[in-house]
Amino acid sequence: MSGEKDTFFLTTAIYYVNDLPHIGSAYEMVAADVLARWRRLNGDRVHFLTGTDEHGEKIARSAEQRGRTPSEHVDDIVPRWTDVMALLRISYDDFIRTTQPRHTARVQEFMQRLYDRGDIYLDTYRGAYCVSCEAYYGPGDLLDGDLCPVHRRPVEQREQDNYFFRLSKYAPDLLRLYDEHPEFMQPEVRRNEVRSFVEAGLQDVSISRSSFTWGVPVPWDDDHVFYVWFDALLNYVTAVGWGADDEAFARRWPADVHIVGKDIIRPHAVYWPAMLMAAGVALPQQVYAHGFVLVSGEKMGKTNATGIAPAQLVDHFGVDCYRYYFLRELSFGQDGSFSWESMEQRYTTDLANDLGNLANRVLTMVTSYCGGTVPDPAGPPGEAEDALAADWRIAVEGMAAIDRLDFKKALEDLWVLVGGVNRYVEARAPWRLHKQGAGNDLGRCLYTCVDALRTIAVLVSPVMPDAAAALWSKLGLDGAVADQCLPAAAAAGLTPVGATVERGALLFPKLDE
RNA sequence: GGCGGCGUAGCUCAGGGGUUAGAGCACUCGGCUCAUAAUCGAGUUGUCGGUGGUUCGAAUCCACCCGCCGCUACCA
């Protein structure tokens with residue numbers, strides 16, 4: 001009836017359209033994109049999903065303020081997100097919008113199933129309501145017992161009929177999930193948090209709203225729409241054909257990893273698996289919560305709207321450096337700091353000096369000593385080649401850290417090879433071999449350098465696709481670097497002898513100043 | 001308050017019972033000249049938050065203290 005899973009399926013969170021892209025959301029997209037490109041490079045069929053979350057009261061209100069319909073409003077903003085994704089070379093395979101019929105129809109079907117199974121029921125929600133905020137607050141949020149934290153005015157007790165999901169029923173199953181599949185919620189600190197939250201006892205959650213209409217209608221009750229979170233989470237299955245295309249769904253689901261921010265762990269690690277359990281759908285393999293990008297010690301987010309736009313950094317440093325910097329400088333699972341100075345530092349040290357200069361010095365020597373063609377690697381390997389081979393291995397093996405979302409370690413290890421080639425050049429001193437007329441030694445040395453650069457281009461391509469392609473072309477190689485396939489493509493000796501190299505423009509010219 | 005985490009070179013961090021505690025950056029000195037004053041080599045700095053304990057031996061385990069942080073349910 002249906003096929004078998006044969007696709008590496010990864011997702012970012014879907015982005016709330018009311019917000020504009022900032023370096024925090026861009027961080028998540030880039031990381032997911034690097035993982036997607038890395039898996040493709042390793043020969044996997046990959047499905048990379050991202051998109052926008054477009055329902056909810058907030059959006060309805062913003063639209064109203066602008067004198068437009070919610071639908072016009074979201075259509076207007078979505079390009080802001082797709083533009084940033086294009087700018088950052090995000091290679092998504094699908095972009096879902098929660099307002100698309102392919103989503104809304106399946107959300108209704110999914111929820112109807114939970115309702116039919118008795119996991120959704122109508123009850124009265126009572127809570128402290130602030131009229132100015134038009135929102136309910138929990139007891140812990142109130143100041144002095146009954147003051148709204150935003151307006152410092154007394155809240156009133158209100159009640160409304162809501163549909164509830166029987167979350168509490170799934171607590172034992174969730175605990176078993178965390179215990180039997182520790183990889184489900186990563187990193188471990190987050191798993192501990194989630195576990196202790198669930199262990200403390202779960203209440204059923206309200207999943208519908210009747211005070212506004214900008215949402216997916218509850219199919220069995222015209223007065224309600226689904227609360228955005230429960231609509232949004234379902235994008236992960238609606239986008240890959242749940243309820244619509246069983247074969248496509250079977251090939252992709254369950255997701256291999258949902259990459260999300262640490263602030264939205266609960267919906268992803270508690271509500272989401274419980275909903276899937278209730279519907280009898282397989283659970284995702286992993287939810288990975290990344291840390292925040294801090295700017296001067298503060299969270300970069302919607303609150304500091306004055307924050308730096310990704311485009312500003314791309315203008316100054318280029319897209320390759322943008323992607324490299326955040327993954328090399330920060331530990332993905334932890335909070336990390338962005339600063340203009342550290343980004344300049346990374347650009348100059350790692351990109352211009354280490355990698356860019358290496359490419360340039362090798363290409364220059366091939367140009368002036370070998371007439372611009374890749375020489376024959378005549379002669380037997382010596383100690384210098386052996387030392388380089390060790391660094392080569394570290395880079396190839398180290399890049400696999402990307403599978404653990406440890407981008408920092410992967411790049412650290414790749415740079416061992418970059419440094420290794422620089423050391424190799426010093427050790428062999430090809431300029432001396434050239435003067436001595438040691439043709440065989442010179443040929444072997446420069447061939448080895450070009451061949452190592454080819455490998456570096458392949459390995460670095462998921463992180464810096466443009467720079468990798470530029471380097472690939474300078475080396476006179478055929479085809480596209482993105483079409484190479486690991487692990488074979490990282491083996492030594494694959495560079496064709498006689499290819500014509502071209503120095504061209506510097507890969508990473510020094511920054512002005 | 002409860003649960004959890006962190007505090008290691010000037011900076012960012014790794015390590016985590018066993019000889020003289022590590023990396024990168026920064027800094028100093030030296031080499032080289034193919035290269036984007038780049039690259040290569042050598043070197044300096046640390047009471048591993050504090051106190052006490054377990055141990056033949058602790059940065060690494062335990063207790064307490066100090067400082068910082070996360071979670072402790074329905075604004076996305």
Side-chain angles (χ1 to χ4, degrees), chain A residues 13-19 53-59 61 125 127 130 133-141 149-150 162 164-165 167 187-207 209 227-230 232 261-267 270-271 291-292 301-302 328-331 334-337 339 341-342 345-346 348-369 408-409 412 415-416 419 421-435 445-446 449 503 505-511:
Chain A
I14 52 174
Y15 302 100
Y16 200 59
V17 278
N18 243 25
D19 304 327
D53 180 10
E54 307 187 4
H55 287 129
E57 188 174 14
K58 250 191 193 173
I59 286 169
R61 215 180 301 156
Y125 179 85
C130 171
C133 297
E134 299 183 52
Y136 285 87
Y137 285 99
D141 299 325
V150 177
N162 277 180
F164 283 76
F165 169 57
L167 180 66
E188 197 179 338
V189 255
R190 303 305 167 200
R191 185 174 69 94
N192 292 340
E193 282 178 12
V194 168
R195 202 190 184 290
S196 59
F197 171 75
V198 173
E199 206 166 19
L202 291 177
Q203 294 169 24
D204 292 345
V205 285
S206 145
I207 58 159
R209 296 289 186 272
Y227 173 49
V228 262
W229 260 118
F230 295 86
K262 68 175 188 179
D263 52 336
I264 54 173
I265 288 174
R266 187 176 306 153
V270 182
Y271 303 166
F292 291 147
K302 38 198 146 173
R328 174 62 184 80
E329 182 76 10
L330 281 54
S331 290
Q334 295 164 229
D335 290 356
S337 296
S339 75
E341 294 72 28
S342 70
Q345 174 94 273
R346 285 288 172 199
T348 302
T349 306
D350 297 1
L351 301 184
N353 293 355
D354 290 349
L355 179 57
N357 180 60
L358 172 63
N360 189 235
R361 68 196 301 208
V362 169
L363 291 167
T364 300
M365 288 189 282
V366 172
T367 301
S368 48
Y369 302 161
K408 183 174 179 161
K409 169 75 172 151
E412 231 171 75
W415 252 249
V416 168
V421 184
N422 273 318
R423 282 187 293 275
Y424 174 76
V425 171
E426 294 297 324
R428 298 308 322 261
W431 50 90
R432 194 179 309 142
L433 298 174
H434 173 66
K435 278 178 198 153
C445 173
L446 290 181
C449 290
R503 293 180 64 191
L506 294 175
L507 235 30
F508 299 105
K510 280 277 169 65
L511 297 166

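In this text the structure is predicted, and so the values were computed from the model without any measurement. All chains are named by letter (A, B, ...) in the order of the sequence lines, taking the proteins before the strands, and each is independently numbered beginning at 1.
Other residues, nucleotides and ligands contribute over 12 non-hydrogen atoms within 6.0 Å of the CD atom of A/Glu199.
Nearest-nucleotide assignment on RNA chain B puts the 5′-proximal partner with A/Glu329, out of A/Ile264 and A/Glu329. Residues A/Gly356 and A/Arg328 both approach RNA chain B. Their nearest nucleotides, taken by heavy-atom distance, put A/Arg328 toward the 5′ side.
Rounded to the nearest Å, the gap between the C1' atom of B/G24 and that of B/A14 is 10 Å. On the C1' atoms, B/G31 is 28 Å away from B/U20, given to the nearest whole Å. Taking atom P in both B/G50 and B/A42, the straight-line distance is 32 Å, to the nearest Å. For the P atoms, the distance linking B/A63 with B/G4 amounts to 10 Å, nearest Å. Taking the C1' atoms as reference points, B/A73 lies 37 Å from B/G15, given to the whole Å. Comparing the C1' positions of B/U54 and B/G18 gives an interatomic distance of 16 Å, to the nearest angstrom. The gap from the C1' atom of B/G46 to that of B/G10 amounts to 11 Å, rounded to the nearest Å. Rounded to a whole angstrom, the distance from the P atom of B/C48 to that of B/G5 is 22 Å.
Counting to the nearest Å, the P atom of B/U12 and the CG atom of A/Asp335 are 14 Å from each other. As a whole-Å value, the separation of A/Glu188 CD from B/C6 P is 11 Å. Rounded to an integer number of Å, the gap from A/Asn353 CG to B/U33 P is 20 Å. Computed from coordinates, the A/Arg346 CZ to B/C13 C1' distance equals 10 Å when rounded to whole Å. Between A/Trp415 atom CH2 and B/U12 atom P the separation is 23 Å, expressed in whole Å. If you measure from atom NZ of A/Lys262 to atom P of B/C69, you get 12 Å, rounded to the nearest angstrom. Straight-line distance from the CD atom of A/Glu412 to the P atom of B/U12: 16 Å, rounded to whole Å. Nucleotide B/A73 holds its P atom 10 Å from the OH atom of A/Tyr271, rounded to whole Å.
The base-pairing partner of B/G24, taking Watson-Crick or G-U wobble contacts with both distances under 3.5 Å, is B/C11. Pairing for B/G18 goes to B/C56, judged as Watson-Crick or G-U wobble with the two contacts each under 3.5 Å. B/C75 makes up no base pair with any nucleotide shown, lacking Watson-Crick or G-U wobble contacts both under 3.5 Å. Nucleotide B/G67 forms a Watson-Crick or G-U wobble pair with B/C6, both donor-acceptor distances falling under 3.5 Å. Across the strands present, B/C32 finds no partner; the criterion is a Watson-Crick or G-U wobble pair with both atom distances under 3.5 angstrom. Look at B/G46: it lacks any Watson-Crick or wobble partner with both distances under 3.5 angstrom.
You'll find that the side chain of A/Arg361 is closest to B/C34, out of B/C74, B/A73, B/C34. Side chain of A/Leu506, nearest nucleotide from B/C40, B/U36, B/C25: B/U36. Each of B/C71, B/A73, B/G31 was ranked by its minimum atom distance to the side chain of A/Glu426; first place goes to B/G31. Minimum atom distance to the side chain of A/Glu193 is reached by B/C71, of the listed B/C71, B/C34, B/U36. Among B/U36, B/C75, B/A73, the nucleotide with an atom closest to any side-chain atom of A/Lys58 is B/C75. Nearest to the side-chain atoms of A/Lys408 among the listed nucleotides B/U33, B/C13, B/U39 stands B/C13. Side chain of A/Arg423, nearest nucleotide from B/G41, B/A73, B/U39: B/G41. With B/C25, B/U33, B/C75 as the choices, the nucleotide that has an atom nearest any side-chain atom of A/Gln345 turns out to be B/C25. Taking the side chain of A/Leu167 as heavy atoms from C-beta on, and the options B/A73, B/C34, B/G24, the nearest nucleotide is B/A73. The side chain of A/Arg503 lies closest to B/U36, out of B/U36, B/C75, B/C34.
Pairing each heavy atom of A/Thr367 with each of A/Arg503, the nearest pair is OG1-CG, 3.5 Å.
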| task | Could you check A/Phe508 against A/Asn353 for side-chain contact (heavy atoms from CB on, under 4.5 Å), going step by step and ending with a plain yes or no? | result | CA-CA 8 Å; A/Phe508 299 105; A/Asn353 293 355; over 6 Å; no
| task | Determine, stepwise, if the pair A/Val425 / A/Met365 fulfils side-chain contact (heavy atoms from CB on, under 4.5 Å). | result | CA-CA 11 Å; A/Val425 171; A/Met365 288 189 282; 4.0 Å; yes
| message | Run A/Leu507 and A/Asn360 through side-chain contact (heavy atoms from CB on, under 4.5 Å) and show every step you take. | response | CA-CA 8 Å; A/Leu507 235 30; A/Asn360 189 235; over 6 Å; no
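A salt bridge does not link A/Glu426 to A/Arg423: none of the charged side-chain nitrogens sits closer than 4.0 Å to a carboxylate oxygen. With salt bridges taken as basic N to acidic carboxylate O contacts below 4.0 Å, one links A/Glu329 and A/Arg346.
Heavy atoms of A/Glu341 sit nowhere under 4.0 angstrom from any nucleic acid atom. Across all strands, A/Asp354 comes closer than 4.0 Å only to sugar-phosphate atoms, never to a base (heavy-atom distances). Residue A/Arg432 is out of contact with every strand shown, counting any heavy-atom pair closer than 4.0 Å. Within 4.0 Å (heavy atoms only), A/Asp53 reaches sugar-phosphate atoms of the nucleic acid but no base atom. Using a 4.0 Å heavy-atom cutoff across all strands shown, A/Tyr369 reaches sugar-phosphate atoms only and no base atom. Among the heavy atoms of the strands, none lies under 4.0 Å from A/Ile59. No engagement by A/Gly261 is indicated, since no non-hydrogen atom pair under 4.0 Å with the nucleic acid exists. Base engagement by A/Asn357 is indicated by at least one non-hydrogen atom pair under 4.0 Å involving a base atom. The residue A/Tyr16 sits close only to the backbone: its heavy atoms come under 4.0 Å of sugar-phosphate atoms, none of a base. Residue A/Ser196 is out of contact with every strand shown, counting any heavy-atom pair closer than 4.0 Å.
Of the possible donor and acceptor atoms, one in the side chain of A/Trp415 sits under 3.5 Å from a partner among the backbone N and O of A/Asp350.
In this structure the side chain of A/Tyr271 never reaches within 4.5 angstrom of the side chain of A/Ile207, judged on heavy atoms.
Look at A/Asn192 and you won't find any side-chain N or O under 4.0 angstrom from OP1 or OP2 of B/C71. Between A/Gln334 and the phosphate of B/U12, there is no side-chain N or O to OP1/OP2 separation shorter than 4.0 Å.
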